[in-house]
Colleague: 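Submitted below is the structure of interest, expressed as structure tokens.
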Amino acid sequence: MEIEVGNFITAIENEDYHKETITARASDVDSMGVADVMVPVIDKFESSIKNNKLTQIELVIDYADGPVFVRLESGIINLPYSNIDKVDNFFNGLEEKVPVVVNLIVESPKLNASGFRIDTLGSVDEFSQIQKIMKQRLQEILPKKLQ
């Protein structure tokens, strides 16, 4: 899947993308594991990108000391949708056609000094192959840093 930079920016600014939020409890992560808690997020993301839609699916995990946000976003660079105003700085022009990638975003004050991490996992066209990498990264990030 490819998109022109200008079309991507316009779609995100106009919120013309598929967006969903799913919630989970910390006890769900403890009992099921983060990979299993992410299954609905992964399924919804995959279904949406198969329809060539830009997509943001967010999982909110409710911990006693505050929520942890885990998002999958289809993007064109490793910046979240909330930083759409900076995206055009990284490309040669708004007409440039670029691949759409999958970004895994985790936000929590306990994560690191910035409370933010973003990993570009690969192209949306490769989503079925990169799910294993995503689950591995989540298992590395969530249990150790955030509980």
Side-chain angles (χ1 to χ4, degrees), residues 1-26 28-29 33-63 66-146:
M1 180 174 164
E2 289 189 337
I3 191 169
E4 287 185 8
V5 173
N7 291 342
F8 175 78
I9 292 170
T10 300
I12 302 308
E13 287 176 341
N14 293 335
E15 296 187 22
D16 183 20
Y17 57 90
H18 178 81
K19 180 179 181 176
E20 277 190 62
T21 300
I22 299 168
T23 59
R25 296 180 306 267
D28 297 335
V29 175
V34 68
D36 287 341
V37 172
M38 282 292 293
V39 167
V41 174
I42 293 166
D43 290 347
K44 289 176 183 294
F45 187 85
E46 186 169 32
S47 175
S48 182
I49 63 173
K50 281 183 178 177
N51 291 320
N52 291 323
K53 287 288 290 176
L54 294 172
T55 303
Q56 179 190 71
I57 307 293
E58 180 175 61
L59 174 68
V60 180
I61 305 171
D62 291 320
Y63 285 97
V68 173
F69 302 93
V70 182
R71 284 192 309 277
L72 289 177
E73 289 184 355
S74 56
I76 58 174
I77 193 166
N78 64 338
L79 287 172
Y81 287 178
S82 58
N83 290 105
I84 194 62
D85 58 329
K86 296 176 176 79
V87 169
D88 64 337
N89 296 332
F90 298 93
F91 297 94
N92 294 324
L94 297 178
E95 301 81 29
E96 184 177 353
K97 201 164 198 161
V98 295
V100 178
V101 298
V102 179
N103 289 319
L104 170 64
I105 301 165
V106 181
E107 291 185 73
S108 169
K110 291 181 163 185
L111 183 62
N112 53 33
S114 69
F116 181 84
R117 177 175 170 158
I118 186 167
D119 291 282
T120 298
L121 303 176
S123 166
V124 294
D125 297 331
E126 304 165 328
F127 187 69
S128 60
Q129 291 100 13
I130 63 176
Q131 287 183 43
K132 185 176 181 179
I133 297 166
M134 177 181 52
K135 289 176 183 178
Q136 179 183 352
R137 290 214 181 126
L138 282 169
Q139 289 172 336
E140 292 168 2
I141 297 167
L142 290 181
K144 295 177 186 170
K145 300 252 184 185
L146 306 178

Colleague: First locate atom CD1 of Ile12, then atom CG of Leu79, and finally report the distance between them rounded to the nearest 0.5 Å.
Modeller: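 Rounded to the nearest 0.5 Å, the CD1-CG separation comes to 12.0 Å.
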
Colleague: Output the distance between atom OG (Ser82) and atom CD (Glu73), rounded to the nearest 0.5 Å.
Modeller: 7.0 Å

Colleague: Is the shortest heavy-atom distance from the side chain of Leu72 to the side chain of Phe127 under 4.5 Å?
Modeller: yes

Colleague: Taking atom CG of Asn103 and atom CG of Asp119, what is their separation to the nearest 0.5 Å?
Modeller: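 Output value for this atom pair is 8.5 Å.
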
Colleague: Mind checking the CD1-CG spacing from Ile22 to Leu59? Nearest 0.5 Å is all I need.
Modeller: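 Atom-to-atom, Ile22:CD1 and Leu59:CG are 6.5 Å apart.
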
Colleague: Go through Leu104 and Val70 one step at a time and tell me if the side-chain contact (heavy atoms from CB on, under 4.5 Å) criterion holds.
Modeller: CA-CA 7 Å; Leu104 170 64; Val70 182; 3.9 Å; yes

Colleague: Is there a donor-acceptor pair under 3.5 Å between the side chain of Asn51 and the backbone N or O of Ser48?
Modeller: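 No; zero donor-acceptor contacts below 3.5 Å.
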
Colleague: Would you call the rings of Tyr81 and Phe8 parallel, tilted or perpendicular, taking 30° and 60° as the class edges?
Modeller: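 Answer is perpendicular, since the angle exceeds 60°.
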
Colleague: Going from CZ on Phe116 to CG on Asn83, what distance comes out if it is rounded to the nearest 0.5 angstrom?
Modeller: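 Those atoms lie 7.0 Å apart.
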
Colleague: What heavy-atom pair brings Pro67 and Asp62 nearest, and what distance separates the two atoms?
Modeller: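 The pair with the smallest heavy-atom distance is CB-OD1, 4.2 Å.
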
Colleague: Is a donor on one side and an acceptor on the other found under 3.5 Å between the side chain of Asp125 and the backbone of Met1?
Modeller: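 Such a contact is found between Asp125 side chain and Met1 backbone.
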
Colleague: Roughly how far, to the nearest 0.5 Å, is CD1 of Ile42 from CD1 of Ile57?
Modeller: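 Between Ile57 CD1 and Ile42 CD1, I get 11.5 Å after rounding to 0.5 Å.
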
Colleague: Kindly say whether Asp43 contributes a backbone atom to a donor-acceptor pair with the side chain of Ser47 at under 3.5 angstrom?
Modeller: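 Pair absent, no side-chain N/O of Ser47 close to backbone of Asp43.
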
Colleague: So among Lys19, Lys44, Arg71, which one has a salt bridge (Lys or Arg N to Asp or Glu O under 4.0 Å) with Glu58?
Modeller: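 Going through Lys19, Lys44, Arg71 one by one, the salt bridge (Lys or Arg N to Asp or Glu O under 4.0 Å) with Glu58 is satisfied by Arg71 alone.
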
Colleague: With a cut-off of 6.0 Å (strictly less than), are more than 12 heavy atoms of other residues, nucleotides or ligands near NZ of Lys50?
Modeller: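 Atom NZ in Lys50 is not packed in, count stays at 12 or less.
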
Colleague: Identify the two heavy atoms, one from Val124 and one from Ser74, that lie closest to each other, and give their separation to 0.1 Å.
Modeller: CG1-CB, 4.0 Å

Colleague: Would you sort out whether Ile76 and Phe90 count as a side-chain contact (heavy atoms from CB on, under 4.5 Å), showing the intermediate values?
Modeller: CA-CA 10 Å; Ile76 58 174; Phe90 298 93; over 6 Å; no

Colleague: Just do the side-chain contact (heavy atoms from CB on, under 4.5 Å) check on Leu54 and Asp16 with the steps written out, would you?
Modeller: CA-CA 8 Å; Leu54 294 172; Asp16 183 20; over 6 Å; no

